[in-house]
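To start, the structure under review is shown below, and the notes come after it.
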Amino acid sequence: MRSNPATPAVRWCALGRTTGGDFEALAHHADGTASGPTPIPVGDLAGFVATLERDHAPRWVWQSSAAVYPQLLSAGVRVERCHDLRLCHQILRNSQYVADRSALAAATQWIATPASEDISAADSGPALFDLDALPRGHNQPATLADALSEYDRQRAAVNGSSHPGRLSLLLAAESAGALIAAELAAAGIPWDAAEHDRILTRALGPRPASYADKPALLAAAGARVREALGDPLLSLDSPPKLLRALRAAGIQTSSTSQWELAEHSHPALGPLFEYKKLSRLLTANGWAWLDEWVRMGRYRPVYIPGGVVTGRWASNGGGALQLPRVLRPALRADPGWTLVIADVSQLEPRVLAAMSGDTAMAAAGRDTDLYSGIVATSTIANRDDAKIAMLGAMYGATSGESGRLVPQLRRVFPRAMGLVDGAADIGERGGTVTTWLGRSSPEADLDWREAQSQASMPGATPQDEQIARRSARERGRFTRNFVVQGTAAEWALAWLAEIRKQLASFPESEHSPSAESSGPVFSRRPHLAFFLHDEIIVHTPANQAAQVAEVVQAAAAAAGNLLFPGGAVDFRLDLHITDRATKQ
DNA sequence: GCGAACAGCGCG
DNA sequence: AAAGCGCGCTGTTCGC
C-alpha cells in the first residue's frame with residue numbers, strides 16, 4: 001500500500017535546520033541514490049513529513065525527537081521510526097562495544113546537555129572552561145550537513161563495533177523510546193480530577209479555601225503530635241526543630257526519618273507518621289498539583305528518555321514516575337474506553353538470569369513467580385526471604401537480613417551471581433561495565449580516582465584508606481546494579497516499541513468526544529498512556545481491549561526473544577483489563 | 001536575597 | 001546515614 005512505482009523507496013530521510021530557521025531534507029533511497037537537499041519552510045514541515053511518511057515510512061534521521069516530534073504530533077502527524085542522533089550519540093560515545101571512539105569523541109557539539117541543566121547556572125561557577133566554547137548540542141540546532149556527518153560517524157561506529165547487532169538494536173530501541181515519550185505526552189494520562197479530589201478529601205479533609213490553609217485532618221494530626229510532645233508551638237516541617245523536640249521527649253533518635261523512628265515507641269510517633277504521610281500527599285500531589293497538571297481530563301508529564309545513567313527514563317514535571325499508589329484510582333479511562341494494565345513480574349532478576357545464561361535461575365522463574373520458584377529449589381525458606389535475597393544480590397547488600405541471605409543464592413545460581421559480582425569487582429577497581437545491548441557506565445570521576453591514589457601513596461593515613469575503601473565499595477554497588485537495571489531498561493524499551501508498532505495497525509474506532517483530549521493522532525486508536533520502568537498502561541476503546549491485551553502479552557515474548565534469542569527465560573506479565581487503575 | 005545542599009519520602 | 005541501586009519533588013537550612 002505504501003509502494004509508489006514512480007519513485008524509488010526512501011529508506012531514510014535526514015532533516016536539518018537552515019540558518020534562517022527553516023528545514024532541509026535529504027532522502028536516501030533503497031537503490032543507494034539520494035535526492036535533495038529539499039528546502040522546507042518551517043511551516044511546511046508537518047506536510048512534508050506526512051507525505052513522505054504515508055508513501056515510504058522512512059527512518060527519520062534528526063537531531064532530536066524531543067525538539068521536533070511534539071509539533072508534528074499536534075499537527076496530526078505520526079512517524080513510524082526515527083534515528084535520534086542526540087540520544088544515539090550519547091550511547092555510542094561511551095560504549096565499550098565501540099573500539100574506536102575518537103571520531104565520536106571529537107564531535108563535541110553532540111554531547112547532550114542534560115535537560116535539567118540550565119546553562120546560565122554554570123556562569124556563576126569557576127571559569128574552568130571557556131563557556132562560549134562549551135558544547136551545547138541540545139540547544140543549537142544541527143544543520144543538514146551536521147546531521148549527515150554525525151549519522152555517518154554513528155553508522156561507522158556501529159559497523160566497527162564488537163557487537164553491531166546489539167548496538168543497532170539499542171539505537172533503534174532508544175530512538176523508538178524518544179518517539180514514545182513524545183507520544184505519551186501528546187496523548188496524556190486520562191485523569192479523573194473528581195476522583196483525585198475525593199481521595200484527597202477522604203485523607204486530608206475538605207479542600208481549604210486557600211493553599212495557605214492546612215486541611216483539617218492534617219492540622220488535627222499535627223495538633224496531636226504537638227500535644228504528645230508537650231510543645232504547642234512546634235514546627236513539624238522543620239527537621240532540626242522536630243529532632244530537638246523528639247529528643248527532649250526522651251526519644252533517642254539521630255534523625256526524624258520514619259525508618260529510624262519506627263524502632264522507637266512513643267505516643268507522639270503514631271500521629272507523627274500520620275502527619276508526615278498526609279503532609280507528603282498534600283505537598284507533592286495535593287490540590288495545587290491537580291490545578292497545575294491536570295487539564296481537560298489529562299495529566300501530561302514530560303518524559304526524558306535516557307535521562308538516567310542506566311538508560312532508564314527520567315521525568316520532569318509533576319513527578320510522573322513517582323505518583324503515589326493511593327492516587328492510582330484517579331487514572332481512569334474515558335467513557336467507552338478502558339485500560340489494559342500490565343507489569344512485568346520480577347523483571348530485573350529475569351533479565352539477570354537471561355544475560356548470565358543461568359539456567360537454574362531461568363528454570364526457577366519458568367511458568368511461575370520467580371521468588372516462589374526459588375523457594376521451590378529449597379535454598380531459601382519463604383518468598384519474602386527470596387525477594388530480600390534477590391534484591392540484596394542486585395544492589396550489593398553486605399549486612400543485615402539481606403546480606404545474610406545472599407550467599408545462599410550464590411550457591412544455587414553461580415552464573416547469575418558471578419555476573420553481578422564481576423560487575424561489582426570491575427567498578428571497585430575503577431573500571432567500566434556495559435549492559436547487554438551496549439550502554440556503558442560512566443567513568444570513575446576525578447574525585448574518586450584521587451581518593452584511590454591518595455590511599456595507595458606511602459604516607460596514606462587510615463582515614464585515607466577508609467575513604468578510598470568506602471567509595472570503592474559504593475562504586476562497586478553502582479556498577480553491580482548498572483548492568484541489571486540498564487539491561488532491564490533495554491528490555492522494557494523493546495517491549496514498548498513492539499507494543500507501539502502493533503497498536504499502530506489497529507483500526508480506528510468511532511468518534512468519542514472525551515477521547516479528543518488525546519489529540520488528533522491518538523483519539524481514535526488504542527495508545528500507550530503510561531510507562532513506569534516495568535509497567536505500561538494502554539488506553540483503548542473498550543471493544544478492542546482483549547486484542548490489545550494479546551498484543552501486550554505477545555510483545556513481552558517478542559522483546560525477550562529480540563534481546564535473548566532462544567527464549568530460555570520467561571518474561572511473565574501481570575495483566576488486567578479495567579476502567580480504573582487500582583492501588584495494588 | 002538568592003541558589004545550592006540537605007532531609008525526607010514517593011516510585012521502580 | 002538504612003543494611004542496598006536508580007531517580008524527582010517539596011520545604012527548610014545554610015552559605016555567599
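Quick note: numbers below take in every heavy atom, side chains included, and nothing from hydrogens, waters or symmetry partners. Chain letters run A, B, ... following the sequence lines, proteins first, then strands; residues in each count from 1. Just so it is clear, the model here is predicted, and its values are computed rather than measured.
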If you define the side chain from C-beta out and look only at heavy atoms, does anything of Asn285(A) sit under 4.5 Å from Pro324(A)?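 With C-beta onward as the side chain, the pair touches.
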Side-chain heavy-atom pair Leu234(A), Leu236(A) within 4.5 angstrom cut-off
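They are in contact (side-chain heavy atoms under 4.5 Å apart), so the answer is yes.
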Could you give the [atom1]-to-[atom2] distance, from [X] to [N], as a whole number of Å?
X	N	atom1	atom2	answer
His533(A)	dC5(C)	NE2	P	16 Å
Leu261(A)	dA2(C)	CG	C1'	13 Å
Ile304(A)	dC11(B)	CD1	P	20 Å
Lys277(A)	dG8(B)	NZ	C1'	16 Å
Glu263(A)	dA1(C)	CD	P	18 Å
Trp293(A)	dT10(C)	CH2	C1'	14 Å
Leu327(A)	dC9(B)	CG	P	18 Å
Leu391(A)	dG6(C)	CG	P	15 Å

message = Using a strict threshold of under 4.0 Å (side-chain N to carboxylate O), is an ion pair present between Asp291(A) and Arg207(A)?
response =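 Asp291(A) and Arg207(A): salt-bridged.
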Is the count of non-hydrogen atoms from other residues, nucleotides or ligands lying under 6.0 Å from Glu227(A) atom CD greater than 12?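 No.
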Just checking Glu443(A): does its CD atom have more than 12 heavy atoms from other residues, nucleotides or ligands closer to it than 6.0 angstrom?
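Not more than 12 within 6.0 Å, no.
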Point to revise | Base paired to dT12(C) (Watson-Crick or G-U; both N/O distances under 3.5 angstrom) | key: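 Base-paired to dA5(B).
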Notebook entry, point to check: If we call it a pair only when both distances are under 3.5 Å in a Watson-Crick or G-U wobble match, what pairs with dG4(C)?
Noted result: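 Here dG4(C) is not engaged in any pair, so there is no nucleotide opposite it.
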For a quick test of reading the model: is some side-chain N or O of [X] closer than 4.0 Å to OP1 or OP2 of [N]?
X	N	answer
Gln322(A)	dG12(B)	no
Ser257(A)	dA2(C)	no
Lys276(A)	dC9(B)	yes

Which nucleotide in [options] has an atom nearest any side-chain atom of [X]:
X	options	answer
Val308(A)	dG4(C), dC7(C), dG12(B)	dC7(C)
Arg312(A)	dA3(C), dG12(B), dG8(B)	dG12(B)
Pro324(A)	dG8(C), dG10(B), dG4(C)	dG10(B)
Trp259(A)	dA2(C), dG12(B), dG4(C)	dA2(C)
Tyr395(A)	dC9(B), dC5(C), dC11(B)	dC5(C)

Base, sugar-phosphate, or nothing for [X], non-hydrogen atoms under 4.0 angstrom?
X	result
Gln258(A)	sugar-phosphate
Gly317(A)	sugar-phosphate
Ser254(A)	nothing
Ser315(A)	sugar-phosphate
Leu281(A)	nothing

Check: Under 6.0 Å from the six-membered ring centre of Trp448(A) and within 45° of its axis: does the NZ or CZ of Arg475(A) meet both?
Finding: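 Geometry flag: set, cation within 6.0 Å and 45°.
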- [ ] Tell me whether the guanidinium CZ or amine NZ of Arg332(A) lies under 6.0 angstrom from the six-membered ring centre of Trp191(A) and within 45° of its axis.
- [x]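 No, Arg332(A) does not sit over the ring of Trp191(A).
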Please give the distance between the [atom1] atoms of [N] and [M] as a whole number of Å.
N	M	atom1	result
dA5(B)	dG4(C)	C1'	23 Å
dA4(B)	dA2(C)	P	24 Å
dA3(C)	dG8(C)	C1'	24 Å
dC16(C)	dA1(C)	C1'	27 Å

| said: Does anything in residues 462-496 of chain A come within less than 4.0 Å of DNA chain B? Heavy atoms only, and list the residues if so. | reply: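 Contacting residues: Gln485(A).
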### Query
Looking at CD1 of Ile341(A) and NE2 of His539(A), how far apart are the two atoms once the value is rounded to the nearest 0.5 Å?
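It is 11.0 Å, given to the nearest 0.5 Å.
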Exercise for review: Could you tell me how the ring of Trp491(A) sits relative to the ring of Trp495(A): parallel (under 30°), tilted (30 to 60°) or perpendicular (over 60°)?
Suggested key: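 Ring orientation, 0 to 90° scale: tilted.
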Task: Exercise: identify the closest heavy-atom pair between Gly177(A) and Pro305(A) - done: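 Scanning both residues completely, I find the closest heavy atoms to be O-CG, 4.0 Å.
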* To do: Please confirm whether Tyr299(A) and Trp289(A) have ring centers closer than 6.0 angstrom.
  =>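 So the answer is yes for these two rings.
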- On DNA chain C, nearest-nucleotide positions of Leu321(A) versus Gly396(A): which is more 5'?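 First, find each residue's nearest nucleotide; the 5'-ward one identifies Gly396(A).
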Residue met sooner reading DNA chain C from 5', once Gly319(A) and Thr310(A) are mapped to nucleotides
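Looking at DNA chain C, the more 5' nearest nucleotide goes with Thr310(A).
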- Is a donor-acceptor contact shorter than 3.5 angstrom present between the side chain of Arg325(A) and the base of dG10(B)?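 Counting by modelled atom types and ignoring angles, no donor-acceptor contact under 3.5 Å is found here.
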Once base and sugar-phosphate atoms are separated, protein heavy atoms under 4.0 Å mark nucleotides 11-16 of chain C, 5' to 3', with B, S and - as SSS---
**Report entry** The single option from Arg383(A), Lys387(A), Arg350(A) passing salt bridge (charged side-chain N to carboxylate O under 4.0 Å, His left out) against Asp369(A)
**Finding:**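 Looking at Arg383(A), Lys387(A), Arg350(A), the match for Asp369(A) under the salt bridge (charged side-chain N to carboxylate O under 4.0 Å, His left out) is Arg383(A).
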